[in-house]
Amino acid sequence: CTSVVAEDEKGNLLHARNLDFGLFMGWDMKNKSWIITEKLKPLVVNLDFRRNNQTVFKSTNFAGYVGMLTGIKPHTFTLTMNERFTLDGGYIGILEWIMGQRDGMWMSFLTRSVLENATSYEGAKRQLAETKMLAPAYFILGGNQSRQGCIITRSRLLSIDVLEIDVKLGRWYVLETNYDHWKDPLFLDDRRTPAMKCMNQTTQAKISVKTLYDVLSTKPVLNKLTTYTTLMQVSEGKLESYIRDCPNPCMPW
Amino acid sequence: STQFIPPYTEECRTGMYPPNGPTFRGPVSWYTVDLDSPPSQRWTAVITEKKQDLIRMIQAVRNLANAFVPSGKLIELVDITLPLMANTLPSPFGEEIKGIAEVSGVPLGEVVLFNIFYEIFTV
């Protein structure tokens, strides 16, 4: 996965993501594609969660999955999550759960409850940073005013790091793939470098939904695991998603 | 231009929006989830329409599991133990997952597996 929150020169926050999933879950030699990835693509849906006939939040989901991986609380905040791999992983959280220790939150149920109940960027950030979880994760959060964009690097128990947008430091976007931002990504899976190269080439002056889509359409940011691309504009309360393909030659991940 | 050796890094794309061409498979449909309705009924509209796709995706996961454990014991374990897990999930998620299993006809354990896959997959 690749998630990015960017602030344009007018102080608008834009949030975009590629959802990549299905690694090592069966490779279709004939079609040069991942079996599960291809089965997930027809399940991609946009959802408008309503209460009293008012939109509470909107999301892009796989039908049948009740948690959230990509969502927007219109005019308030935007949220995506990317997978994080550590030895202290979800299987430990599941074992604790089975043994009856149930004070942790399942990752996608946490994101769902944040989108449903948080009423501000700061409130959402606090919940995502402080709630004990069953598995580690990266939460990428965008707000509705200048400098409100961050990557929260989570272990099961702690918030290890929060990297914020800081335009004064020249950091007008934050971008996360699936590696801690203070470490180099695995050389076999470096989607961060090409993505940042294209963001820097775009420049803050020209960042928009269109140019974010360009960045997420550039191989290997776009790869054989990419199921959908979502573009979100918090100030307009807008979410749009597109099902993707990656024509050969294309990286398997 | 694309380099023809891995990782096939391209020059930064431009002009890809609005989505078109070989990297664009199609748009995504919108559905409403009514949070005022009972959790077990919230997903009925979505699942009724996506039922076959969900069944195909679950079957692909089953095939994968059976490739690892040809005896079928792994799927059996999922179908026996994970429904118990559904009762331990916080509300409203457990009820929503049961509603999805009901509407789709997919065994409850396999819908639970789909929904906790993130934690399991970190294995």
Side-chain angles (χ1 to χ4, degrees), chain A residues 25-26 35-36 39-52 56 60 63-67 83 85 89-91 93-94 97 102 106-109 112 116 134-136 190 194 197-198 201-202 209-210 213-215 217-220 222 228 241-247 249-251, chain B residues 2 4-19 22-36 43 46-47 49-50 53-54 56-61 63-64 67 85 88-90 92-93 96-97 100 104 106 111 114-123:
Chain A
M25 296 179 67
I35 293 170
I36 297 299
K39 291 288 190 281
L40 283 171
K41 289 179 184 178
L43 288 172
V44 178
V45 291
N46 284 332
L47 301 173
D48 181 0
F49 285 80
R50 300 173 78 87
R51 184 171 280 129
N52 303 324
V56 176
T60 302
Y65 190 79
V66 303
E83 184 152 20
F85 301 99
Y91 54 97
I94 289 178
W97 186 276
R102 292 177 187 156
W106 298 83
M107 179 283 299
S108 67
F109 299 161
R112 162 88 182 262
E116 206 165 322
L134 269 66
D190 183 5
K197 178 190 143 211
C198 295
Q201 197 167 293
T202 301
V209 160
K210 294 179 194 299
Y213 188 80
D214 290 341
V215 172
S217 299
T218 301
K219 298 172 190 173
L222 179 72
Y228 66 80
S241 294
Y242 303 97
I243 299 173
R244 305 308 302 265
D245 275 329
C246 191
C250 176
M251 274 300 272
Chain B
T2 299
F4 283 83
I5 52 171
Y8 309 116
T9 306
E10 290 176 311
E11 290 304 314
C12 297
R13 302 280 82 193
T14 57
M16 300 292 280
Y17 190 95
T23 68
F24 171 54
R25 179 176 293 190
V28 177
S29 313
W30 277 95
Y31 298 85
T32 295
V33 177
D34 180 3
L35 293 172
D36 293 319
W43 296 90
V46 177
I47 298 304
E49 194 156 316
K50 291 290 184 178
D53 294 317
L54 181 59
R56 274 191 284 270
M57 196 279 299
I58 294 284
Q59 184 56 48
V61 175
N63 296 343
L64 188 71
M85 177 81 86
T88 71
L89 298 180
F93 307 115
E96 290 186 8
I97 287 171
I100 289 167
S104 63
V106 174
V111 181
F114 183 40
N115 277 275
I116 64 172
F117 208 85
Y118 179 77
E119 280 76 10
I120 290 188
F121 192 60
T122 60
V123 176

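Naming: A, B, ... by sequence-line order, numbering from 1 per chain.
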- Who wins among B/Val111, B/Leu89, B/Ile100 for the most heavy-atom pairs under 4.5 Å with chain A? B/Leu89

- Are the side chains of A/Tyr242 and A/Tyr213 in touch, meaning some heavy atoms are under 4.5 Å apart? yes

- Item | Which portion of A/Glu83 sits near chain B, non-hydrogen atoms under 4.5 angstrom | both

- Query: Does any heavy atom of chain B fall under 4.5 Å from the side chain of A/Arg102, the backbone, both, or neither of them?
  - Reply: side chain

- B/Thr23 versus chain A, the contacting section by heavy-atom distance below 4.5 Å: both

- Query: Just by modelled atom types, is the B/Arg13 backbone N or O under 3.5 Å from a matching donor or acceptor in the A/Thr218 side chain?
  - Reply: yes

- Among B/Met57, B/Gln59, B/Arg56, residue most engaged with chain A (heavy-atom pairs, under 4.5 Å): B/Met57

- Query: Does A/Arg112 reach the main-chain N or O of A/Val66 with its side chain, forming a donor-acceptor pair under 3.5 Å?
  - Reply: yes

- Quick one: which of A/Pro136, A/Gly64, A/Gly93, A/Gly67 has the most heavy-atom pairs under 4.5 Å with chain B, could you say? A/Gly64

- Task: Using non-hydrogen atoms and a 4.5 Å limit, figure out which bit of B/Val61 sits close to chain A: side chain, backbone, both or neither.
- Result: both

- Pick one of side chain, backbone, both or neither for B/Leu54, based on which atoms fall under 4.5 Å of a heavy atom in chain A. both

- Query: With a 4.5 Å limit on heavy-atom distance, are the side chains of B/Phe24 and B/Met16 in contact?
  - Reply: no

- Query: Contact part of B/Pro92 toward chain A, heavy-atom cut-off under 4.5 Å: side chain, backbone, both or neither?
  - Reply: side chain

- Query: Which residue out of A/Leu134, A/Leu40, A/Ile35, A/Leu222 racks up the most heavy-atom pairs below 4.5 Å with chain B?
  - Reply: A/Leu40

- Top of A/Pro220, A/Cys246, A/Gly89, A/Gly26 for chain B proximity - count of heavy-atom pairs under 4.5 angstrom: A/Pro220

- Message: Strictly distance-based, threshold 3.5 Å: is any side-chain N or O of A/Glu116 a donor or acceptor partner for the main-chain N or O of A/Val56?
- Response: no

- Item | Residue, of A/Thr202, A/Val209, A/Ile94, that accumulates the most heavy atom pairs under 4.5 Å with chain B | A/Ile94

- Message: Tell me every residue that passes salt bridge (Lys or Arg N to Asp or Glu O under 4.0 Å) with B/Glu49, counting only those two or more places apart in sequence or in another chain.
- Response: none

- When heavy-atom pairs shorter than 4.5 Å are enumerated against chain B, which of A/Val215, A/Asp48, A/Ile36, A/Asp190 gives the highest number? A/Asp48

- Message: For the interface with chain A, which of B/Gly26, B/Ala67, B/Ala60 has the highest count of heavy-atom pairs at distances below 4.5 Å?
- Response: B/Gly26

- What heavy-atom pair brings A/Lys219 and A/Pro247 nearest, and what distance separates the two atoms? NZ-O, 3.0 Å

- B/Ser104: side chain to side chain donor-acceptor pair (under 3.5 Å) partners, not counting sequence neighbours: none

- Ignoring hydrogens and geometry, is there a side-chain-to-backbone donor-acceptor pair from A/Lys41 to A/Arg244 under 3.5 Å? yes

- Task: Would you mind checking which part of B/Pro27 comes under 4.5 Å of any heavy atom in chain A, side chain (CB onward), backbone (N, CA, C, O), both or neither?
- Result: backbone

- Task: Name the region of A/Asn52, side chain, backbone, both or neither, that has any atom closer than 4.5 Å to a heavy atom of chain B.
- Result: both

- Query: Is there a donor in the side chain of B/Trp43 and an acceptor in the side chain of B/Glu96, or the other way round, less than 3.5 Å apart?
  - Reply: yes

